[in-house]
S.K.: 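Sharing a structure below in structure tokens format, with a few things to ask.
A, B, ... follow the sequence lines: proteins, then strands. Residue 1 opens every chain. Every heavy atom of this structure was used, including side-chain atoms; hydrogens, water molecules and symmetry mates were not.
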Amino acid sequence: MATDNTEAKLDSRAPSGPVETSWERHKRDARLVSPANKRKFTIIVVGTGLAGGSAAASLAELGYNVVNLCIQDSPRRAHSVAAQGGINAAKNYPNDGDSVFRLFYDTVKGGDFRAREANVYRLAQESVNIIDQCVAQGVPFAREYGGMLANRSFGGAQVSRTFYARGQTGQQLLLGAYGSLMRQVHAGGVKMFPRREMLDLVVIDGRARGVVCRNLVTGALERYAGDAVLLCTGGYSTVFFLSTNAVNSNATAAWRCYKRGAYFANPCFTQIHPTCIPRVGEQQSKLTLMSESLRNDGRVWVPKAAGDKRLPGQIAESERDYFLERMYPAFGNLVPRDIASRAAKLVCDEGRGVGSGLAVYLDFSDAVKRLGKETIADRYGNLFEMYREITNHDPYETPMQIYPAPHYTMGGLWVDYNLMSTIPGLHVLGEANFSDHGANRLGASALMQGLCDGYFVIPHTLGHYLAGGGLVSVSTDHAAFAEAETRVKEQVGKLLAIGGRKSVREFHYQLGTLLWDRVGMARNATGLRGAIEKIRAMRDEFWNNVRVPGSGEDFNKELEMAGRVADYFELGELMCRDALEREESCGCHFREEYRTEEGECKRDDERFSFVSAWEYAGRTGDARLHREPLEFDTVHLATRQYK
Amino acid sequence: MSTRNGLRSYSLKIWRQAGPDKPGNLVDYAVSGIHPDMSFLEMLDQLNQDIVCAGGEPVAFDSDCREGICGTCGIVIDGRPHGPLVNVTACNLRMREFPDGAAIVAEPFRAKAFPIVKDLVIDRSALDRVIQHGGYVSINVGSAAEANQMPIPKDIAEQAMDSAACIGCGACVASCPNASASLFVGAKIRQMMLLPQGKAERTRRVLEMVQQMDAEGFGDCSNHGECEAACPKAITLENIATMRREYVRAALKSGC
Ligand SMILES: Cc1cc2nc3c(=O)[nH]c(=O)nc-3n(C[C@H](O)[C@H](O)[C@H](O)COP(=O)(O)OP(=O)(O)OC[C@H]3O[C@@H](n4cnc5c(N)ncnc54)[C@H](O)[C@@H]3O)c2cc1C
Ligand code: SF4
Ligand code: FES
């Protein structure tokens with residue numbers, strides 16, 4: 001296959017040479033902006049999650065003017081707040097053999113060799129500083145009796161390197177970043193604009209110079225100009241309708257940037273999380289995750305016999321199949337997410353699912369016997385409580401029922417080592433970019449990535465960009481702002497004028513169900529081709545038959561959703577195209593045609609050891625594929641083994 | 001899930017208000033086809049579907065995580081912020097708590113410092129401004145010391161976490177006859193007071209936060225205790241007591 005990496009645009013800018021020193025060398029060579037000049041630059045940060053909040057606070061602290069846009073009513077509510085389980089760091093506090101190299105190694109292997117080595121190494125290196133930073137902010141991480149930080153283990157790792165704050169790690173990390181952000185707001189370095197949705201990017205002379213937003217309260221379109229734009233808008237698992245993401249998570253900001261020239265990478269890689277509470281009815285709006293840390297002590301099983309409908313307590317030990325322990329003895333219940341999810345699907349496909357048939361048991365009875373109820377309550381109390389609240393069943397008494405659900409999008413805008421997209425000046429941080437996780441994200445590494453990007457990477461790489469010069473001053477009067485605003489206005493007007501018969505939600509449900517079916521836990525060429533046809537037909541119907549009530553000059557949730565779903569139709573199609581193109585199985589991308597005899601993923605490194613980066617070319621069907629080849633100099637390509 | 005009782009119907013009274021300066025009133029609605037495992041917000045989603053399909057304007061309400069952690073949702077349900085259950089947010093409240101055919105009243109959180117945006121949506125930015133006045137540790141990025149150099153006993157970390165669990169939903173304010181934000185502010189003061197990291201700014205923090213709380217139009221606390229009962233995260237009155245002690249200490253120390 002021809003690779004067109006000759007293009008300057010897709011230069012990863014990852015330093016060559018030993019990966020251990022790449023970041024130091026890169027920082028050493030980076031250009032600097034002098035303190036007196038920093039205040040002359042205005043940086044637009046979109047999003048206030050771990051990535052956006054930490055970046056906005058860090059940059060303001062350095063002296064830049066920061067404009068921070070937030071879709072929620074307060075930055076403290078950004079989606080990162082929902083993360084439960086924990087954040088990884090190579091501190092080796094438990095003395096169980098962890099190191100920067102091992103965290104790096106586990107992450108590259110866990111991602112099934114589809115991540116960029118230099119990025120992952122940097123992530124592992126900075127992980128150590130992240131914990132120091134958060135502790136200094138007053139994040140109340142779990143502690144041992146002696147006062148030292150506590151750790152636990154997570155899927156895909158044989159060491160305990162995960163730091164946590166009860167089951168509310170994301171909340172506490174976000175509140176730490178939010179505190180730093182509020183401090184900068186007070187000091188005047190950050191101007192915060194809540195309830196704003198970015199709807200377009202403004203590109204002037206080939207560089208990202210501003211955004212157009214909708215004020216979600218008044219409906220007014222607003223223009224913001226700056227010297228660089230940082231997109232920190234998170235993931236888009238809500239494309240599947242049901243997912244673990246917050247209901248306002250979306251792809252719109254990233255998608256509109258894609259339409260302005262930013263390449264979209266690896267759209268077919270979506271992490272399906274194995275331990276979610278199964279869905280119950282059609283009207284359900286989201287799926288709730290049960291932290292992966294539960295698999296430390298919970299054992300996953302189904303009945304050996306298909307169609308066994310007895311209550312769990314009536315099924316004898318000998319009639320149970322602890323399938324993860326059976327299939328993957330070395331890691332057991334702690335196999336990575338893609339593997340655990342696929343195994344659960346497999347046993348349910350065999351007719352051995354419990355409950356509705358689309359669920360497996362996560363059983364704590366052994367752990368309660370071994371450790372006592374108190375220890376279990378100490379470790380997982382609030383998760384058990386949450387489960388009981390939702391299902392009306394008590395996990396101390398009866399096993400939890402769990403099933404995989406869309407959770408995290410590894411796809412996102414393509415970025416180089418400096419976190420810059422193919423549009424100069426547009427930097428993309430956190431879940432919104434594609435980097436670091438490859439084809440499968442290991443648990444507790446997204447929080448790490450978001451904070452690494454915001455606290456430790458962008459302060460250096462953005463300075464390098466700004467100091468490179470050539471930035472003429474622009475104002476919001478520039479014609480490009482008017483053009484972008486017109487585009488947004490036209491779309492809003494169009495959506496409101498259709499006056500059809502189906503609600504936005506019905507379309508979203510229909511699209512999401514199709515995507516879950518065809519490009520969810522498993523995919524094949526026939527299914528993907530069919531899905532593309534169907535999505536196109538649905539999209540045509542959407543633009544002719546959607547009903548968006550109310551006006552554009554008002555608080556209008558349906559209108560917000562309509563814009564996001566319109567983008568999901570286009571993104572959904574690209575996800576299918578990308579999946580179709582990748583004729584191999586890797587990580588979360590399981591193409592049924594490419595599997596080993598044992599039914600595991602079969603990578604094709606000869607042909608597919610690359611990042612796919614899609615360039616917009618009018619309609620989604622015409623999008624152009626570029627390839628960034630991946631080299632594995634330090635961790636040698638190998639088949640993933642968790643047996 | 002095994003609860004497979006039939007679907008339910010409810011009659012609702014919902015506060016409708018077009019904007020901050022517009023008049024508002026309770027409007028009657030009926031919903032049916034409600035599964036008992038659905039959340040209160042999913043029930044409202046369904047109502048909104050019905051309204052949209054009938055050509056009307058859906059009820060505006062706020063939510064995001066829908067799992068009780070972001071603090072975005074918050075509706076006064078039958079007179080109680082977040083509804084009838086203890087320690088449960090509106091998004092985590094299930095319809096099985098309401099018998100089939102029940103009449104339910106839904107209104108926005110009300111407080112002078114929380115203007116209504118539309119229907120059930122309110123503006124809680126006052127809480128952010130209170131935090132801006134010192135509700136953090138002033139530490140620059142990149143200059144932190146090795147984390148384990150500062151041991152913190154487990155029970156202290158746990159107590160700090162109890163306070164840090166506040167989701168900033170504002171139910172405490174809405175439930176308080178004086179619309180006081182003392183539980184919210186007290187929780188942040190206590191978290192920071194307990195941890196060694198928070199010590200340096202201890203005096204300044206409490207004085208400034210309390211001052212800003214007053215400036216935002218929150219009322220004084222007169223020990224009703226309604227806040228504790230309404231809080232979905234079990235933040236206790238102990239936090240208010242701590243704040244008071246901290247305030248007195250700080251006032252004496254700073255001589256004001
Ligand atoms: C239930 C759950 C549990 C998780 N648990 C863990 C865990 O234990 N460990 C771990 O490492 N990871 C976990 N993750 C993943 C992790 O939380 C996320 O990947 C990470 O927080 C993303 O951070 P972010 O800053 O990139 O994006 P987000 O926190 O999603 O922030 C993006 C922000 O941008 C806003 N935004 C979006 N579009 C626009 C727009 N157009 N205009 C303006 N603003 C916009 C969003 O509303 C949001 O506030 C979990 C995820 C979920 C859903
Ligand atoms: S103290 Fe409780 S009620 Fe008040 S804002 Fe915090 S979580 Fe909500
Ligand atoms: S929607 Fe997040 S707490 Fe209810």
S.K.: Checking heavy atoms, do the side chain of A/Leu175, its backbone, both or neither come under 4.5 Å from chain B?
M.R.: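 For A/Leu175, side-chain heavy atoms alone lie under 4.5 Å from chain B.
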
S.K.: I'd like to know if A/Arg76 pairs up with B/Asp128 as an ion pair, taking the criterion as any Lys NZ or Arg NE/NH1/NH2 lying under 4.0 Å from an Asp or Glu carboxylate oxygen.
M.R.: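 Not counted as a salt bridge, because no side-chain N and carboxylate O are separated by less than 4.0 Å.
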
S.K.: Check each atom of A/Gln171 against the heavy atoms of chain B and say whether the ones under 4.5 Å are side chain, backbone, both or neither.
M.R.: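 For A/Gln171, the contact with chain B is made by the side chain alone.
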
S.K.: Keeping the roles fixed (side chain from B/Asn148, backbone from A/Leu149), state whether a donor-acceptor pair exists under 3.5 Å.
M.R.: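 Yes; at least one donor-acceptor contact below 3.5 Å.
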
S.K.: Drop me the distance from A/Asp132's CG to B/Gln149's CD, to the nearest 0.5 angstrom.
M.R.: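 So the CG of A/Asp132 and the CD of B/Gln149 are separated by 8.5 Å.
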
S.K.: What part of B/Arg66 is in contact with chain A, defined as an atom under 4.5 angstrom from a non-hydrogen atom: side chain, backbone, both or neither?
M.R.: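 Both parts, heavy atoms under 4.5 Å.
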
S.K.: For atom NZ of B/Lys22, decide whether the heavy atoms of other residues, nucleotides or ligands shown that lie under 6.0 angstrom number more than 12.
M.R.: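 Check fails, neighbour count at 12 or below.
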
S.K.: Measure across B/Val121 and A/Arg195 and return the closest heavy-atom pair with its distance rounded to 0.1 Å.
M.R.: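 Of all heavy-atom pairs spanning B/Val121 and A/Arg195, the closest is CG1-NH2, 3.5 Å.
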
S.K.: Any chance you could measure A/Leu181, atom CG, to B/Gln132, atom CD, to the nearest 0.5 Å?
M.R.: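 That separation rounds to 8.5 Å.
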
S.K.: Does a salt bridge link B/Asp45 with A/Lys557, judged by any charged N lying under 4.0 Å from a carboxylate O?
M.R.: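 Here B/Asp45 does not pair with A/Lys557 in a salt bridge, since their nearest N and O are not under 4.0 Å apart.
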
S.K.: Going by heavy atoms in the side chains, are A/Ser74 and B/Arg124 under 4.5 Å from each other?
M.R.: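 A/Ser74 does not reach B/Arg124 side chain to side chain.
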
S.K.: Under a 4.0 Å N-O cut-off, is there an ion pair linking B/Glu158 with A/Arg166?
M.R.: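 Yes, B/Glu158 and A/Arg166 are salt-bridged.
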
S.K.: What part of B/Ile122 lies closer than 4.5 angstrom to a heavy atom of chain A: side chain, backbone, both or neither?
M.R.: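 Interface part for B/Ile122: backbone (N, CA, C, O).
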
S.K.: Verify, without hydrogens or angle tests, whether A/Arg77 (side chain) and B/Cys70 (backbone) share a donor-acceptor contact under 3.5 angstrom.
M.R.: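 Side chain of A/Arg77 to backbone of B/Cys70, a donor-acceptor pair under 3.5 Å: yes, one is there.
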
S.K.: Do you know which of A/Ala359, A/Cys134, A/Ala142, A/Gly179 has the most heavy-atom pairs with chain B at a distance under 4.5 angstrom?
M.R.: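 Highest number of pairs under 4.5 Å: A/Gly179.
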
S.K.: Given a strict heavy-atom distance threshold of 4.5 Å, which part of A/Gln72 is in contact with chain B: side chain, backbone, both, or neither?
M.R.: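 A/Gln72 touches chain B through side-chain heavy atoms alone.
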
S.K.: Given heavy-atom pairs under 4.5 angstrom as the criterion, report whether the side chain, backbone, both or neither of A/Gln137 touches chain B.
M.R.: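 Both parts, heavy atoms under 4.5 Å.
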
S.K.: What part of A/Phe456 lies closer than 4.5 angstrom to a heavy atom of chain B: side chain, backbone, both or neither?
M.R.: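 Side chain only.
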
S.K.: Find the one option among B/Ala164, B/Cys65, B/Gly142, B/Ala160 whose heavy-atom pairs under 4.5 Å with chain A are most numerous.
M.R.: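 Of the options given, most contacts go to B/Ala164.
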
S.K.: State, to 0.1 Å, how close B/Asp64 and A/Ser249 come at their nearest heavy-atom pair, and which atoms those are.
M.R.: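 In this case the closest contact between B/Asp64 and A/Ser249 is OD1-N, 4.5 Å.
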
S.K.: Once rounded to the nearest 0.5 Å, what's the spacing between atom CZ of B/Arg94 and atom CG of A/Asn392?
M.R.: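 One gets 10.0 Å once the value is rounded to the nearest 0.5 Å.
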
S.K.: Counting only non-hydrogen atoms closer than 4.5 Å, does A/Leu311 touch chain B with its backbone (N, CA, C, O), its side chain (CB onward), both, or neither?
M.R.: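 It is neither, since no heavy atom gets under 4.5 Å.
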
S.K.: Do you know the tightest heavy-atom contact between A/Glu389 and B/Asn92?
M.R.: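 Of all heavy-atom pairs spanning A/Glu389 and B/Asn92, the closest is OE1-ND2, 3.2 Å.
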
S.K.: Looking at chain A, which one of B/Leu93, B/Asn48, B/Asn140, B/Asp123 has the largest number of heavy-atom pairs inside 4.5 Å, strictly under?
M.R.: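 Highest number of heavy-atom pairs under 4.5 Å: B/Asn140.
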
S.K.: Side chain, backbone, both or neither: which part of A/Asn382 has a heavy atom under 4.5 Å from chain B?
M.R.: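 No part of A/Asn382 comes within 4.5 Å of chain B.
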
S.K.: Nearest 0.5 angstrom please: A/Glu506 CD to B/Gln49 CD, how far?
M.R.: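 One gets 6.5 Å once the value is rounded to the nearest 0.5 Å.
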
S.K.: List the atom of A/Ala136, the atom of B/Ala144, and the distance in Å for their closest heavy-atom pair.
M.R.: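 Looking at all heavy atoms of both residues, the shortest contact is CB-CB, 3.8 Å.
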
S.K.: Under a 4.5 Å heavy-atom cut-off, does chain B meet the side chain of A/Asn248, its backbone, both or neither?
M.R.: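 When you check distances to chain B, atoms from both the backbone and side chain of A/Asn248 fall under 4.5 Å.
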
S.K.: When only pairs under 4.5 Å are counted, which of B/Pro196, B/Ala165, B/Ala157 shares the most heavy-atom pairs with chain A?
M.R.: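 Result: the option with the highest number of such pairs is B/Ala165.
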
S.K.: Does any backbone or side-chain atom of B/Asp62 lie under 4.5 Å from a heavy atom of chain A? Answer side chain, backbone, both or neither.
M.R.: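 B/Asp62 touches chain A through side-chain heavy atoms alone.
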
S.K.: Give, as side chain, backbone, both or neither, the part of A/Leu289 having an atom under 4.5 angstrom from any heavy atom of chain B.
M.R.: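 The backbone, not the side chain.
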
S.K.: Would you say the side chain of B/Glu146 lies within less than 4.5 Å of the side chain of A/Lys91, judging by non-hydrogen atoms?
M.R.: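 Counting from C-beta outward, A/Lys91 and B/Glu146 do come under 4.5 Å.
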
S.K.: Just give me the residue among B/Lys188, B/Glu67, B/Glu57, B/Gln191 that pairs up with chain A most often, heavy atom to heavy atom, under 4.5 Å.
M.R.: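 Between B/Lys188, B/Glu67, B/Glu57, B/Gln191, the count favours B/Glu67.
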
S.K.: Is it the side chain or the backbone of A/Glu61 that comes within 4.5 Å of chain B heavy atoms, both, or neither?
M.R.: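 Just the side chain, heavy atoms under 4.5 Å.
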
S.K.: One pair to check against side chain to side chain contact (heavy atoms under 4.5 Å, CB included): B/Met161 and A/Gln168. What are the steps and the verdict?
M.R.: CA-CA 9 Å; B/Met161 180 63 217; A/Gln168 286 127 274; 3.5 Å; yes

S.K.: Please determine, among B/Ser163, B/Ser138, B/Ser125, the option with the most heavy-atom pairs under 4.5 Å with chain A.
M.R.: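 If we count pairs closer than 4.5 Å to chain A, B/Ser138 comes out on top.
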
S.K.: Is the number of heavy atoms from other residues, nucleotides or ligands within 6.0 Å of CD (B/Gln211) greater than 12?
M.R.: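 Result for CD/B/Gln211: open.
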
S.K.: Let me know if B/Met192 has heavy atoms under 4.5 Å from chain A in its side chain, its backbone, both or neither.
M.R.: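 The answer is the side chain of B/Met192.
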
S.K.: With a 4.5 angstrom heavy-atom cut-off, which part of B/Met150 approaches chain A: side chain, backbone, both or neither?
M.R.: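 For B/Met150, the contact with chain A is made by the backbone alone.
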
S.K.: Answer with side chain, backbone, both or neither: which region of A/Gln84 has an atom nearer than 4.5 Å to a non-hydrogen atom of chain B?
M.R.: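 Contact with chain B involves the side chain of A/Gln84 alone.
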
S.K.: Supply the atom-to-atom distance B/Ser63 OG to A/Lys286 NZ, rounded to the nearest 0.5 angstrom.
M.R.: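 Atom-to-atom, B/Ser63:OG and A/Lys286:NZ are 9.5 Å apart.
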
S.K.: Measuring from A/Ser285:OG to B/Met43:CE, what's the distance to the nearest 0.5 Å?
M.R.: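 With rounding to 0.5 Å, OG (A/Ser285) is 12.5 Å from CE (B/Met43).
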
S.K.: Salt bridge check: are A/Asp378 and B/Lys154 linked by an N-O gap of less than 4.0 Å?
M.R.: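 Salt bridge: yes.
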
S.K.: Do B/Ile139 and A/Gln133 come within less than 4.5 Å of each other through their side chains, counting heavy atoms only?
M.R.: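 Yes. Closest side-chain heavy atoms under 4.5 Å.
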
S.K.: With chain B as the partner, which of A/Glu385, A/Glu144, A/Gln172 has the greatest number of non-hydrogen pairs under 4.5 Å?
M.R.: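 The answer is A/Gln172.
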
S.K.: Identify the heavy atoms of A/Arg388 and B/Arg96 that sit nearest to each other, and give their distance.
M.R.: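 Result for this residue pair: O-NH1, 4.5 Å.
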
S.K.: Minimum heavy-atom separation for B/Val141 to A/Tyr455, with atom names?
M.R.: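 Looking at all heavy atoms of both residues, the closest pair is CG1-O, 3.4 Å.
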
S.K.: Who wins among B/Asn87, B/Leu127, B/Thr72, B/Leu85 for the most heavy-atom pairs under 4.5 Å with chain A?
M.R.: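 Max contact count across the listed options: B/Thr72.
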
S.K.: Is chain A contacted by the side chain of B/Ile152, its backbone, both, or neither, given a heavy-atom distance below 4.5 Å?
M.R.: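 Both backbone and side chain.
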
S.K.: Tell me, for A/Tyr93 versus chain B, whether the close heavy atoms (under 4.5 Å) come from the side chain, the backbone, both or neither.
M.R.: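 For A/Tyr93, side-chain heavy atoms alone lie under 4.5 Å from chain B.
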
S.K.: Can you tell which part of B/Val117 gets under 4.5 Å to a heavy atom of chain A, answering side chain, backbone, both or neither?
M.R.: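 The side chain, not the backbone.
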
